Peer 1: 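Starting off with a structure, shown below.
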Amino acid sequence: MRRPASIRRRLLLQGIGVAALLALVLYLAVRGVAGAAIQTVQDSVLGTATVVIAEELRGGADGISVDIPYAAFSMLGAVGEDRVFYRILVGDQTVTGYPDLPLPDVVPGLTPAFYTVPYQDAQVRVGAVGRSVLVDGNRVDVTVLLGQTRTAQAVISAQMANRAAGLGLGIFALAAVLALISARSVLAPVHDLALAVGRRGPQDLRPVRRAVPRELVPLVAALNGLIARLRSALDRTESFITEAAHHVRTPLATVRMQTEVALRQATDDATRASLRNVIRAVDNAARSTGQMLDHASVIYRSDQPTQDALDLAVVLRDLVGQMAPTADMRDMAFVLDLPVGPVPLSADRLLLESALRNLLDNALKYGTADTDIEVALTSDGCVTVCDRGRGLGGGGAAALTGRFARGDNVGDVVGSGLGLSIVRDAARACGGTFTISPRPGGGTCATLHLPLR
């Protein structure tokens, strides 16, 4: 899936694109205006020079005298290093100048007429003036043509266009800088809002009260609505988990206690065996239900763990003491090895107890009768639980830590496949690690390493 461009990049590209378009429009506009202006100036000079020549024509009894003034050519020479061509016709006859200089399409008048024609491998701008001169009492039409190449006009147009291009590039660069500054300025409130929300901890579900520009008010309102719904959903989830744990575990504990009382009072072997089966079934139901509730609690609290000051040795000793009767009923025993001093750590008590309880329960469930479960704690926060049970099976260690994953050698044992995934998730939430490995001589060793405070 293609990743969309960032808002800042889009704003910057849009600003640069607009600046580039404006620079191009400026260049074309200046070049067009400059060309038109230079053409007007050249036509004005060319027309004035043509009129000056025409005014110097004199008629008489002997014919027409032509005295081309130097000023006319000097005006054209002031424009640039162009070539100048002229032609003077009396009627249809050329009396002086370049006889092949093209004539205009219409007969010119006193006002100069201008046209552009190719002549001698160049584009020539020609001014044409027509007037009447008296010769021996008769009126004779005289046409004066004065042409000039357009080299100077092209040079001046190119110079002005280059200046316009330089100005356009300057505007483009300035606009790019302004676009970058504008993009940063526009997105600064969004960035500040993101930082403010990102600095919050996982338990901080307060509404966002940060002052933001008016355009971001709908976004903040939607974010606060989402936070409120999330907080309500988490509260309902926690309440459900707590109530479910109470309403499910309490009846099972009552059934188990009554069954144990009946077991002590029973004298018949068959009755005692049946009661033992009932106790095992209740234990399996309680364990499966407890694991599902523990898994839900671990998922819920992983995003918002508390930090309780605990002694890992005390927590582990209490849990082993609570589960010792279950081990005794299965003809198994816990062998606890604790360090001399306390092992202090800062962790979520519920997550920690869920991880340790499922480690011990897993060893009881898959351990072999008449064997010991060795539980060791080191002073660096490493808990190891080793049994002499069935081992990992053919799936390997990685497959057994997945949710609802079970080994291929435990099909006859009731279980939900959540125990080790609970340990893994709880260890991650506490900042620790969890590994399992085959035990030399048969069985499994599970290691939970927790960081100490």
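Remember, predicted model here, so these are calculated numbers, not experimental data. Counting begins at 1 with the first residue of the sequence.
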Peer 1: Within the structure provided, determine whether Thr143 and Val129 are in side-chain contact (heavy-atom separation under 4.5 Å).
Peer 2: no
Peer 1: Checking the side chain of Asp311 only, and the main-chain atoms of Pro342 only, is there a donor and an acceptor separated by less than 3.5 Å?
Peer 2: no
Peer 1: Step by step, would you call Thr444 with Asn362 a side-chain contact (heavy atoms from CB on, under 4.5 Å)?
Peer 2: CA-CA 10 Å; Thr444 305; Asn362 210 62; over 6 Å; no
Peer 1: Calculate, to the nearest 0.5 Å, the distance between atoms CG and CG belonging to Leu356 and Leu377 respectively.
Peer 2: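 It comes to 9.0 Å.
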Peer 1: Could you walk me through whether Glu353 and Val315 pass the side-chain contact (heavy atoms from CB on, under 4.5 Å) check?
Peer 2: CA-CA 7 Å; Glu353 290 183 349; Val315 174; 4.0 Å; yes
Peer 1: Taking the side chain as every heavy atom from C-beta outward, state whether Val375 and Leu360 have any atom pair closer than 4.5 Å.
Peer 2: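 Yes, close enough: below the 4.5 Å cut-off.
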Peer 1: Flag the pair Val84 / Leu146 as yes when at least one side-chain heavy-atom distance between them is below 4.5 Å, and no otherwise.
Peer 2: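 A side-chain contact exists here, since the closest heavy-atom pair is under 4.5 Å.
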Peer 1: For atom CG of Asp105, decide whether the heavy atoms of other residues, nucleotides or ligands shown that lie under 6.0 angstrom number more than 12.
Peer 2: no
Peer 1: For Gln322 and Leu319, run side-chain contact (heavy atoms from CB on, under 4.5 Å): C-alpha distance rounded to whole Å, both residues' side-chain angles, the deciding distance at 0.1 Å, then the answer.
Peer 2: CA-CA 5 Å; Gln322 294 173 17; Leu319 288 175; 3.9 Å; yes
Peer 1: Within a strict 4.5 Å, meaning less than it, do heavy atoms of the Pro112 and Val51 side chains meet?
Peer 2: yes
Peer 1: First locate atom CG of Leu450, then atom OG1 of Thr433, and finally report the distance between them rounded to the nearest 0.5 Å.
Peer 2: 8.0 Å
Peer 1: Can you tell me how far the CG atom of Leu359 sits from the CZ atom of Phe434, to the nearest 0.5 Å?
Peer 2: 5.0 Å
Peer 1: Look at Arg439 together with Asp387 and state whether they make a salt bridge at an N to O cut-off of under 4.0 Å.
Peer 2: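 Salt bridge between Arg439 and Asp387, a charged N being under 4.0 Å from a carboxylate O: no.
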Peer 1: Report yes or no: does Asp308 contribute a side-chain atom to a donor-acceptor pair with the main-chain N or O of Asp348 at less than 3.5 Å?
Peer 2: no
Peer 1: Which value, rounded to the nearest 0.5 Å, describes the distance between Asp43 atom CG and Thr116 atom OG1?
Peer 2: 7.5 Å
Peer 1: Find out whether Asp361 and Met323 are in side-chain contact, i.e. whether some heavy atom of one side chain is under 4.5 Å from a heavy atom of the other.
Peer 2: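 In contact.
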Peer 1: Write down the atom of Ala355, the atom of Ala426, and the distance for their closest heavy-atom approach.
Peer 2: CB-CB, 3.8 Å
Peer 1: Quick check: does any side chain N or O of Thr48 sit under 3.5 Å from a backbone N or O of Ser44, one acting as donor and the other as acceptor?
Peer 2: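 Yes; at least one donor-acceptor contact below 3.5 Å.
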Peer 1: Looking at Arg125 and Gln148, would you say the former's side chain and the latter's main chain have a donor-acceptor pair under 3.5 Å?
Peer 2: no
Peer 1: Within this structure, what is the CZ-CG distance for the pair Arg424 and Leu448, rounded to the nearest 0.5 Å?
Peer 2: 13.5 Å
Peer 1: If we check side chain to side chain contact (heavy atoms under 4.5 Å, CB included) with Phe85, which of these qualifies: Leu145, Val126, Val124?
Peer 2: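 Checked Leu145, Val126, Val124 against Phe85; only one passes side chain to side chain contact (heavy atoms under 4.5 Å, CB included): Val124.
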Peer 1: On a heavy-atom basis, which atom in Pro102 and which in Tyr115 lie closest, and how many Å separate them?
Peer 2: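 Heavy atoms only, the tightest pair is O-OH, 2.7 Å.
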Peer 1: Side-chain contact test, heavy atoms from C-beta onward, threshold under 4.5 Å: evaluate it for His449 versus Asp380 and give yes or no.
Peer 2: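 They are in side-chain contact.
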Peer 1: What heavy-atom pair brings Ser132 and Asp141 nearest, and what distance separates the two atoms?
Peer 2: OG-OD1, 3.2 Å
Peer 1: Got Glu374 and Val385 here, is their nearest side-chain heavy-atom distance under 4.5 Å?
Peer 2: no
Peer 1: Return the minimal non-hydrogen interatomic distance between Thr149 and Ala122, and the atom names on each side.
Peer 2: CG2-CB, 4.1 Å
Peer 1: What's the spacing between Ile88 CD1 and Gln93 CD if we round to 0.5 Å?
Peer 2: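 The CD1 atom of Ile88 sits 14.5 Å away from the CD atom of Gln93.
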Peer 1: Within the side chain of Ser232, is there an N or O that forms a donor-acceptor pair under 3.5 Å with the backbone of Ala228?
Peer 2: no
Peer 1: For a side-chain contact (heavy atoms from CB on, under 4.5 Å) check, start with the C-alpha distance between Thr50 and Tyr86, then their side-chain angles and the critical distance, and finish with the verdict.
Peer 2: CA-CA 9 Å; Thr50 306; Tyr86 70 95; over 6 Å; no
Peer 1: Please report the closest heavy-atom contact between Leu351 and Cys430, naming both atoms and the distance.
Peer 2: CB-SG, 4.0 Å
Peer 1: Within the structure provided, determine whether Leu312 and Val383 are in side-chain contact (heavy-atom separation under 4.5 Å).
Peer 2: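 Yes, side chains in contact.
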